[in-house]
Amino acid sequence: MPEGILCNKQPIVTDEQLKLTLGDKSGKQYYAEMEQLDVDTDKLWSTIQNTMKSRLKTWLNICAKCGLCADSCFLYECNDRVPEQVPSYKIHATLGEIVKRKGKVDNAFMRKCMDIAWSWCTCCNRCGQFCPHGIDMGVMFSYLRGLLFSQGFVPWELKIGSGMHRVYKAQMDVTTEDWVDTCEWMADENSEEWPGLEIPIDKEDADIMYTINAREAKHYPEDIAEAAILFHVAGENWTMPSEGWEQTSLTLFAGDWEGCKQQVLHVYDAIERLRPKRVVGTECGHAHRATVIEGPYWAGREDGQPPRPYIHYVEWLAEMLRTGRIKIDPAKRIKEPVTLQDSCNYVRNQGLKNITREIMSYIVEPGYFVEMAPNKEYNYCCGGGGGFNGIGKYRPQRNIALLKKREQILATGCKLVVAPCHNCWDAIRDLEEEYPMGLRWSFLKPLVIKMMIVPDHLKPQDEEGEE
Amino acid sequence: MYNFLTGPMVWITFLVVVVGLTYHVVTYIRGLDWRLDRVGYRPNMQYGLKGAARSIFFWLLPWGSHGWRAKPLFTLLFFSFHIGLLFTPIFLEAHNIMLKDSWGIRLPGISTGLADFLSWVVVIGGIFLILRRIAYPEVRILTSAYDYLLIVIAVSPFLTGLIARYNVGNYDFWLLIHIFTGHVWLLSLVFTRLNHVVLFFLTRAQLGMDYGIKRGGMKGTQMTW
């Protein structure tokens, strides 16, 4: 069978196809069809010839097979250091083999590549820092994912995720109407406690346009409310776009490069339309990477910059705390050992390591912040990055992957983890579920709301009366 | 044979090495693509060059990078091996005399004792690299016959040079083999993975630019990757 009904080489572009694929519980039919899927070897080889230039080609050829990348990989370490998990081996056994065979590989080989590309590598890019030749296996696996996606060999959830972006312009089926309603609902819901609280939609020429992870709109709307409260208290002139509010990109995890471009252009269109002075993205690592770090290139922007300055939430928050627009009540600072999860996607991949520590210095009583080891740009992936968290087929492998973070957190002796990234937050939540150790985890927003000093004029009338 | 290997063949080999390595450098740089690599090289050249220089510098410095510090003993082995491999042939007195005879120029020479020591470092280093490949499962799985061959190619001129120098067996024979393996060594810089003699600088520079431009450099964060 050349192409399946659910598993095929075409990305999902219609609501009908999306629902049909979603209806296939756990992707049973999808994966059965995948076993019959033909490989278009000519297309595979021509794609490689057109897209594999200096960097990737040289990386494959120059690898000295020295094995220095082995210890850099948390998946190698938590899988009993089996040699098959050595990053260099993983990429040469997959992409390297496809290139060696000039694309002439069969279905079974492509399925093996899929397993390795999505469950043996989270594209955390840590190995690249330990290779004398500067070979970044994360980048190569990302490239391999693109090849696999184009041939239909992609995990069920990510095929759907990519389809969601193409159909709904978001990783979940949140329509523009749902979205605007959610914002209005959140503003109403919190207006009693926060008089004057607004979630302005489509306001032009604001100082800040805020974008989020669709999970917030779908499952955690309080996260949107928390952002609104903090903007309100900081006195920001801000807005959110009715279209182009979704900053994440499951297409990035899926290797759907065309979908990546489409998604990021929705956000950039919103920026062009509303002309904010700058844009702030939510506490999410891959969203930042997709829209701010890689996005400009997908959109064809040669300078590598988004249309307006676009910062991560931690940068905005640090600025507010630094300038005193948000003040922390010293009595309410965290007074228990607390550690910080560095997100690969904005720490290793954009150097925001000091900003998060600056925030910790304001919100944690001196002496209580405990660093993980290793940390900052040498941190380990949370265990669920690169889409790993969301793929049912690879849940057992993902649960093993969590063990490194478990070991790191246990070594700090902390029960509280600050995780300013949706994916890391999820992984640490799952870590507690899989291996209970009494952990608590939090984004920055709720922590800061609990400990900030609220100016009197922003408090509800009755509360003021009580005081 | 001796006359050919020390005469016309030297010209041929040097020509092939210069042209071949230049070809590697030029094709590498020409093949960089801001869209495919997702690095805005041109508009952010200053950040890029700074990142490239940092990356090369810290990886050329023994224990200069986090990666080198993570494996201190391997780093010692690696640097000794490479220093011996590159310095000895360039500064060896005997080579300099030949250079002076044919081209009239000479480089500063090193003492025979130092040359011997460095050659031994290369030979022993090569043996350790081979043993390491056999002993560690994480390196063994990556290793093929080609990897051993490259070590043999790299070490041969040094081993044969030592044999000739100590006058073990027939001097003329070992000298000839030394010259022959020297040619193989040089030509391998072009045709095998030993091309990392130049590509190391280019791949490091590329990743350095990536970090210098996109992955933190423009945010003012210095990272030694």
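Chain letters run A, B, ... following the sequence lines, proteins first and then strands; every chain starts at 1.
Counting only heavy atoms from C-beta outward, the side chains of A:Glu84 and B:Ile141 approach each other to under 4.5 Å. Side-chain contact between B:Leu142 and A:Val86 is present, with heavy atoms from C-beta onward closer than 4.5 Å. Side-chain contact between A:Leu352 and B:Thr221: absent, with no pair of heavy atoms (C-beta onward) separated by less than 4.5 Å. Considering only heavy atoms from C-beta on, B:Lys214 stays 4.5 Å or farther from A:Gln350 through its side chain. Counting only heavy atoms from C-beta outward, the side chains of B:Tyr211 and A:Arg348 approach each other to under 4.5 Å. Counting only heavy atoms from C-beta outward, the side chains of A:Trp59 and B:Leu199 never approach each other to under 4.5 Å.
Contacts between A:Val139 and chain B at a heavy-atom distance below 4.5 Å involve the side chain alone, from C-beta outward. When heavy atoms are compared at a cutoff of 4.5 Å, A:Tyr346 does not approach chain B at all. For A:Cys131, the part sitting under 4.5 Å from any heavy atom of chain B is the backbone (N, CA, C, O) and nothing else. For A:Tyr143, no part lies near chain B; criterion is any non-hydrogen pair under 4.5 Å. For A:Thr58, the part sitting under 4.5 Å from any heavy atom of chain B is the side chain, from C-beta outward, and nothing else. Heavy-atom distances place both the backbone and the side chain of A:Asn349 under 4.5 Å from chain B. For A:His133, the parts sitting under 4.5 Å from any heavy atom of chain B are the backbone and the side chain alike. Contacts between A:Arg301 and chain B at a heavy-atom distance below 4.5 Å involve the backbone alone (N, CA, C, O). No part of A:Asn345 comes within reach of chain B, as not one of its non-hydrogen atoms sits under 4.5 angstrom from that chain. Heavy-atom distances place no part of A:Lys376 under 4.5 Å from chain B, backbone and side chain included. Looking at B:Asp37, both its backbone and its side chain come within 4.5 Å of chain A, counting heavy atoms on both sides.
At a heavy-atom cut-off of under 4.5 Å, chain A is reached by no residue from residues 17-26 of chain B. Near-neighbour residues of residues 126-139 of chain B relative to chain A, defined by a heavy atom under 4.5 Å from a heavy atom of that chain, comprise B:Arg132, B:Arg133, B:Pro137, B:Glu138, B:Val139.
Comment: A:Arg55 does not engage B:Asp33 in a salt bridge, judged by the lack of any side-chain N to carboxylate O separation of less than 4.0 angstrom. Ion pairing between A:Glu302 and B:Arg35 fails under the 4.0 Å rule for side-chain N and carboxylate O.
Ranked by heavy-atom pairs shorter than 4.5 Å toward chain A, the options B:Lys219, B:Arg38, B:Arg30 are led by B:Arg38.
A:Phe130 and B:His66 have perpendicular rings, their planes meeting at more than 60° on a 0 to 90° scale where under 30° would count as parallel.
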